[in-house]
Participant: 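Sharing a structure below in structure tokens format, with a few things to ask.
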Amino acid sequence: MTDIILGLQGEIPVNHTKGVPYVAKNKVAACAKHFVGDGGTHNGINENNTIIDEHGLLGIHMPPYYDSIIKGVATVMVSYSSVNGEKMHANHDLVTGYLKSKLHFRGFVISDWLGIDRITSPAGANYTYSVQAGVNAGIDMVMVPFNYTEFIEDATSLVNKRIISMSRIDDAVSRILRVKFTMGLFENPLADLSFADQLGKKEHRELAREAVRKSLVLLKNGNTPNQQFLPLPKKASKILVAGSHASNLGYQCGGWSIQWMGGSGDITAGTTILDAIKSTVGDATPVVYSENPDDSLMKKNEFSFAIVVVGEPPYAETVGDNTDLTILDPGPDTIRTVCSALKCAVVVVSGRPVVIEPYLPLMEALVAAWLPGTEGQGIADVLFGDYGFTGKLSRTWFKSVDQLPMNFGDPHYDPLFPLGFGLAINSSQPGFSGTRSRGDKKEITVWAALSLLLSMMIAWA
């Protein structure tokens with residue numbers, strides 16, 4: 001994971017001093033964040049408290065920072081969250097005692113956006129104390145987006161009163177200057193725009209499209225053991241595409257895309273999943289799109305099969321805190337309506353596992369597409385068999401949110417799909433021919449209903 005630092009900053013020279021930042025010419029300074037433990041907060045809530053012993057903290061959360069420092073990372077950003085009740089922005093033991101002293105990090109430590117304000121509750125309740133606690137904890141550069149004059153006044157006053165020592169200021173300034181000298185900012189202070197025309201290049205989009213293909217995870221393929229549904233045929237009498245995420249570039253991209261919370265619709269240039277499907281199928285194959293079709297549409301048309309694309313709305317940070325983990329309405333109804341009438345493949349666009357188990361018997365195939373970004377063509381590449389499925393789950397997919405938290409190795413581990421799961425297309429088995437059969441669909445629907453009824457009877461017993 002930390003190899004991205006080498007891509008941003010350049011390959012570190014042999015015998016380079018450990019802990020000292022390295023940024024090659026025409027490269028940018030990388031930032032390792034958020035230090036430390038923000039991925040282990042209680043109940044997964046953003047900016048919450050990570051309750052953990054020293055062994056767990058050093059064994060689970062600290063290794064990426066060891067690796068980042070070895071690779072010459074220039075900056076480290078502190079987390080909003082707390083460790084065992086102590087705000088990381090005020091945690092001298094971990095920021096100065098461990099990161100700087102024990103790991104010998106020689107770059108600079110930066111706060112998060114309004115990070116020191118949140119040392120107190122409510123945020124900003126005692127800003128002078130926040131400046132004191134943050135700077136004395138070891139933060140070298142403070143991100144102050146608005147009232148910077150108040151920060152300057154408070155910091156100056158605290159230094160004059162010797163509450164913040166000059167040695168602490170010297171340490172912060174030395175670290176910041178070290179990174180600036182390493183980057184050559186005093187010789188070349190302005191950005192080099194010679195690479196600006198590289199943004200959005202075809203070669204880069206092709207690489208992103210490849211990443212989409214390789215990240216897709218096939219979770220289900222067929223309702224019977226000897227008949228797989230994917231890959232889909234490119235030649236069919238008519239294809240239905242449905243769902244809130246089929247023709248929405250903003251939803252494909254998720255949060256932190258163009259703006260903080262992302263957006264809906266054509267927020268940037270790219271290919272929607274719907275357009276990708278249209279460009280992939282045969283010229284004589286009509287594709288009909290309806291975001292949330294009703295029964296009448298399917299009765300009026302002889303669709304060969306359907307592709308339903310649903311998922312989560314864009315989010316970032318606390319807005320993403322969600323105890324239900326459901327797909328965006330009317331996604332569940334779209335799945336029920338379409339997949340009860342037609343053979344269908346469901347594509348889930350989400351930043352994490354979501355509730356899907358209740359609808360699984362209705363669908364022939366299920367694909368986790370995560371957040372594919374602008375290159376929706378990568379999804380069509382794999383759905384229609386130009387490339388195979390190779391992705392595996394990087395985390396457990398639960399049956400119900402009541403099971404959470406649930407991790408691989410837990411005594412109660414009973415997932416819908418386990419960590420590392422991911423199907424591949426079996427080239428020795430026949431695929432779906434594209435021939436529509438109402439009888440087959442009715443049999444599968446009856447089978448699904450009987451399976452659900454049997455499960456309910458077992459639960460009642």
Side-chain angles (χ1 to χ4, degrees), residues 44 208 211-213 215-220 230 240-258 261-268 270-277 289-293 306-317 319-339 344-360 362-383 389 391 393-401 404 416-417 421-422:
V212 172
R213 291 195 296 262
S215 66
L216 300 180
V217 183
L218 180 59
L219 299 175
K220 178 180 179 179
L230 300 179
L240 172 64
V241 177
S244 54
H245 289 56
S247 185
N248 194 312
L249 202 59
Y251 282 5
Q252 287 177 207
C253 293
W256 284 112
S257 299
I258 306 301
M261 289 293 158
S264 177
D266 295 333
I267 64 170
T268 186
T271 304
T272 66
I273 298 170
L274 173 63
D275 287 339
I277 292 169
Y289 172 64
S290 176
E291 183 172 333
N292 188 31
I307 301 171
V308 179
V309 190
V310 293
E312 293 186 293
Y315 56 81
E317 300 184 40
V319 174
D321 287 346
N322 183 339
T323 56
D324 297 325
L325 296 177
T326 52
I327 58 178
L328 182 67
D329 283 332
D333 286 338
T334 305
I335 293 174
R336 291 189 194 98
T337 301
V338 175
C339 297
C344 73
V346 174
V347 178
V348 177
V349 176
S350 67
R352 56 198 168 187
V354 291
V355 175
I356 201 69
E357 194 262 352
Y359 327 114
L360 194 60
L362 296 172
M363 60 187 76
E364 275 68 31
L366 174 63
V367 176
W370 312 116
L371 296 174
T374 59
E375 304 312 303
Q377 189 64 51
I379 293 175
D381 288 343
V382 182
L383 286 180
F389 285 91
L393 287 182
S394 59
R395 63 179 305 154
T396 296
W397 200 297
F398 58 85
K399 293 178 182 176
S400 163
V401 292
L404 302 177
L416 182 62
F417 303 109
F421 182 83

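Index from 1, following the sequence. Note that the structure is predicted; figures quoted are calculated from it, not measured.
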Participant: Are any of the side-chain heavy atoms of N248 and S264 separated by less than 4.5 Å?
Facilitator: yes
Participant: Please walk me through it: do V367 and F389 pass side chain to side chain contact (heavy atoms under 4.5 Å, CB included)?
Facilitator: CA-CA 10 Å; V367 176; F389 285 91; 3.8 Å; yes
Participant: For R352, does its backbone N or O pair with a side-chain atom of S350 as donor and acceptor, under 3.5 Å?
Facilitator: yes
Participant: Identify the heavy atoms of I379 and P372 that sit nearest to each other, and give their distance.
Facilitator: CD1-CG, 3.8 Å
Participant: For T272 and D275, which heavy atoms make the closest approach, and how far apart are they?
Facilitator: OG1-N, 3.1 Å
Participant: V355 and F398: side chain to side chain contact (heavy atoms under 4.5 Å, CB included), yes or no, with the steps?
Facilitator: CA-CA 8 Å; V355 175; F398 58 85; 3.8 Å; yes
Participant: Please answer whether the main-chain N or O of V348 pairs with a side-chain N or O of H245 as donor and acceptor at a distance below 3.5 Å.
Facilitator: no
Participant: Do other residues, nucleotides or ligands put more than 12 heavy atoms under 6.0 Å from the CG atom of D266?
Facilitator: no
Participant: When you measure from the side chain of E364 to the backbone N and O of C344, does any donor-acceptor pair fall under 3.5 Å?
Facilitator: yes
Participant: Do N292 and S244 have a side chain donor and acceptor closer than 3.5 Å?
Facilitator: no
Participant: Check for a donor-acceptor pair, side chain of Q252 on one end and backbone N or O of E375 on the other, with a separation under 3.5 Å.
Facilitator: no
Participant: If we only count heavy atoms from C-beta on, is the V347 to L383 side-chain gap below 4.5 Å?
Facilitator: yes
Participant: Would you please test V217 and W370 for side chain to side chain contact (heavy atoms under 4.5 Å, CB included) and show each step?
Facilitator: CA-CA 9 Å; V217 183; W370 312 116; 3.8 Å; yes
Participant: How close do P314 and G263 get, counting heavy atoms only, and between which atoms?
Facilitator: CG-O, 3.5 Å
Participant: Kindly compute the distance separating CG (L230) from CG (L366), expressed to the nearest 0.5 Å.
Facilitator: 10.0 Å
Participant: Within the side chain of E357, is there an N or O that forms a donor-acceptor pair under 3.5 Å with the backbone of S400?
Facilitator: no
Participant: Parallel, tilted or perpendicular, judged at 30° and 60°: which one describes the rings of F417 and W397?
Facilitator: perpendicular
Participant: Is there a side-chain contact between I277 and Y289 in this structure, where contact means two heavy atoms from C-beta onward sitting under 4.5 Å apart?
Facilitator: no
Participant: Heavy atoms, side chains only, cut-off 4.5 Å: are Y251 and L328 in contact?
Facilitator: yes
Participant: Do I327 and I335 make a side-chain contact, defined as non-hydrogen atoms from C-beta onward lying under 4.5 Å apart?
Facilitator: yes
Participant: So, taking the atom named CD1 in I258 and the one named CD1 in I267, what distance separates them when rounded to the nearest 0.5 Å?
Facilitator: 5.5 Å
Participant: Please examine the side chains of V401 and T323, heavy atoms only from C-beta on, and report whether any two atoms are closer than 4.5 Å.
Facilitator: no
Participant: Less than 4.5 Å apart, side chain to side chain, heavy atoms only: is that true for T334 and P293?
Facilitator: yes
Participant: Please examine the side chains of L371 and V349, heavy atoms only from C-beta on, and report whether any two atoms are closer than 4.5 Å.
Facilitator: yes
Participant: Ignoring hydrogens, what is the shortest heavy-atom contact between C253 and S257? Give both atom names and the distance.
Facilitator: O-OG, 3.2 Å
Participant: Does S215 use its side chain to pair, donor to acceptor, with the backbone of V212 at less than 3.5 Å?
Facilitator: yes
Participant: Return the minimal non-hydrogen interatomic distance between R395 and P353, and the atom names on each side.
Facilitator: CD-CD, 3.5 Å
Participant: At their closest point, which heavy atom of V308 faces which heavy atom of C339, and how far apart are they?
Facilitator: CG2-SG, 4.3 Å
Participant: Pair I307, I273 - check side chain to side chain contact (heavy atoms under 4.5 Å, CB included), show working.
Facilitator: CA-CA 10 Å; I307 301 171; I273 298 170; 5.7 Å; no
